[in-house]
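Inspection log for the structure reproduced underneath, given as structure tokens.
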Amino acid sequence: MYFWQFRVYQRPLLHPLQTHHGLWEIREGIIIRLEAEDGRIGWGEIAPLPEFGSETLSAAILFCKSLENPLSITSIFSIPEQFPACQFAFESALEDLSIENQSRELEPKNYSYLLPTGAAVFPCLDDILAANQTNTYKWKIAVNSLAEELNLFEKLIDRLPRGIKLRLDANGGLSIAESKIWLKIADECQIIEFIEQPLPPSQLEEMLQLSQNFTTGIALDESVANLRQIEECYQRGWRGIFVIKPAITGSIQGLINLWKKYPLDLVFSSVLETNIGRKSALRLAQEYPKKERALGFGVQQWFNNSDPDWLEKLWTTSANN
Ligand SMILES: O=C(O)CCC(=O)C1=CC=C[C@@H](O)[C@@H]1C(=O)O
Ligand SMILES: [Mg+2]
């Protein structure tokens, strides 16, 4: 049995993220602390992303308040799939209890760096390129007009060194006509690794059609945010890339079972979680057998790291339970 505690946190993003979903300025979530009967401690993070279909923060708080304490392993693996961020967090905390997990080197060498959206990329691009030893970068589209973004894109690729791969993420904000324009350009310029979620999840058939007509990869992200959606899209014929955000996908064991059941082409991606959730997600990514795709866990300073004891302060100042 495991006694556990949780604390709700809010951390401002050092660089607010502008996407088709809007402007994201504050990451909020829940840190959980599991204690085994022998005194070992395991940490986990509930990092909701409701615009992707996960539970909301308030629903996760209510769930935590309703959960028995102490917890059994059975109760952890019985967390309902309606709470995927909670499933991930409690299974992560269980894994984190084992010492070897706590000591493993996890930072990826092959990662994708998320560039500032739109024209904001240009003032800092040289510094970003100098500071990152990766050849994969991601840039958000479907935020400004197509004409503006095509113009900015031309300027961006002129500034990128040879050999750089670019991922374009529309967050479901393009029309079919706009998607075809981007895919045609991508096929011609050969610098685009894939275009992520060009259309909304409701248009899977249209994205299947696009994937037949262009050579540039298409990646589903919002369409495959949890285990049920991953399996459904595969069974409906999707054989392109699946972007996996482990922190909101649900059960860790459930995801491992899925990639053993189907030959999935996975790209792992952050939900701008803190280092607690990041560590668990990177541990899971390390278990995935295929290593060709850069991890969407760029060495971002999502948070102001000048406050290294934020967790200790959280635990001593607030008391959710
Ligand atoms: O996947 C990556 O490379 C970084 C993470 C990332 O792009 C995202 C994280 C969270 C919310 C989203 O707007 C965005 C995405 O859509 O992938
Ligand atoms: Mg995405």
Side-chain angles (χ1 to χ4, degrees), residues 11 13-29 45-54 56-57 84-85 88 107-118 120-121 128 132 134-144 164-174 179 182 192-201 203-204 207 217-226 229-230 233 238 240-249 265-275 277-278 281-282 284-285 288 292-303:
R11 297 192 80 193
L13 294 178
L14 210 52
H15 310 292
L17 178 57
Q18 181 73 54
T19 78
H20 183 69
H21 292 297
L23 182 66
W24 186 5
E25 296 180 287
I26 295 177
R27 162 37 88 197
E28 47 188 13
E45 178 176 355
I46 301 171
L49 200 58
E51 61 269 35
F52 276 59
S54 89
T56 60
L57 176 67
F88 172 78
E107 279 308 307
K109 295 188 176 35
N110 184 18
Y111 62 84
S112 169
Y113 186 99
L114 182 59
L115 295 169
T117 304
V121 65
I128 290 171
N132 284 278
T134 182
N135 68 346
T136 307
Y137 292 82
K138 178 161 155 179
W139 193 49
K140 293 290 183 178
I141 58 173
V143 174
N144 301 298
I164 293 289
K165 282 191 286 189
L166 204 53
R167 296 168 175 178
L168 299 177
D169 189 352
N171 291 103
L174 295 175
S179 302
W182 276 112
I192 306 299
E193 181 188 354
F194 55 73
I195 294 184
E196 194 169 314
Q197 200 71 45
L199 301 175
Q203 292 186 287
L204 177 66
M207 287 188 281
I218 296 175
L220 300 182
D221 188 5
E222 285 83 343
S223 293
V224 292
N226 58 50
Q229 289 175 323
I230 295 166
C233 284
W238 189 258
I241 300 154
F242 293 74
V243 175
I244 299 296
K245 291 177 164 45
I248 59 165
T249 299
D265 183 355
L266 303 186
V267 170
F268 288 85
S269 170
S270 165
V271 293
L272 282 54
E273 59 279 287
T274 74
N275 280 338
R278 177 188 175 91
L282 290 176
L284 182 55
Y288 179 60
E292 301 78 19
R293 302 263 186 211
L295 303 186
F297 284 84
V299 187
Q300 315 277 13
Q301 296 305 328
W302 291 121
F303 305 105

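Order of appearance sets the numbers: ligands from 1, and atoms from 1 within every ligand. These numbers were taken from a predicted model, which means no experiment stands behind them.
- Salt-bridge annotation for Glu193 and Lys138: absent, with no side-chain N of the basic residue lying under 4.0 Å from a carboxylate O of the acidic one.
- Listed for the Arg11 side chain is no donor-acceptor partner under 3.5 Å among the backbone atoms of Trp302.
- By the 4.5 Å heavy-atom criterion applied to side chains, Val267 and Glu196 are not counted as neighbours.
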Could you pull out every N or O of ligand 1 that sits under 3.5 Å from a protein N or O, with the distance for each pair?
unit_1, atom_1, unit_2, atom_2, d
ligand 1, 1 (O), Lys138, NZ, 2.9
ligand 1, 1 (O), Ser269, OG, 2.6
ligand 1, 7 (O), Lys138, NZ, 2.9
ligand 1, 13 (O), Lys140, NZ, 3.3
ligand 1, 16 (O), Lys140, NZ, 3.1
ligand 1, 16 (O), Asp169, OD2, 2.9
ligand 1, 16 (O), Asn171, ND2, 2.7
ligand 1, 16 (O), Asp221, OD2, 3.2
ligand 1, 17 (O), Lys138, NZ, 3.0
ligand 1, 17 (O), Asp169, OD2, 3.2
ligand 1, 17 (O), Glu196, OE2, 3.2
ligand 1, 17 (O), Asp221, OD2, 3.0
ligand 1, 17 (O), Lys245, NZ, 2.7

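- Taking the ring pair (Phe, Tyr, Trp, His ring centres under 6.0 Å) definition, one finds that His21 meets it with Phe52, sequence neighbours left out.
- When Glu51, Gln197, Lys140, His20 are each tested for a side-chain hydrogen bond (donor to acceptor under 3.5 Å, both in side chains) with Asn171, only one passes: Lys140.
- Looking at heavy atoms from C-beta onward, Trp238 lies out of side-chain contact with Val224 at the 4.5 angstrom threshold.
- The shortest distance between side-chain heavy atoms of Trp24 and Leu49 falls below 4.5 Å.
- In this view, Glu273 and Ser270 satisfy the side chain to side chain donor-acceptor pair (under 3.5 Å) rule, not counting sequence neighbours.
- Near-neighbour remark for the Mg ion (ligand 2): protein N, O or S atoms under 2.8 Å are Asp169 OD2, Glu196 OE2, Asp221 OD2; waters not counted.
- Remark: side-chain polar atoms of Thr136 are not paired, donor with acceptor, to backbone N or O of Ala294 under 3.5 angstrom.
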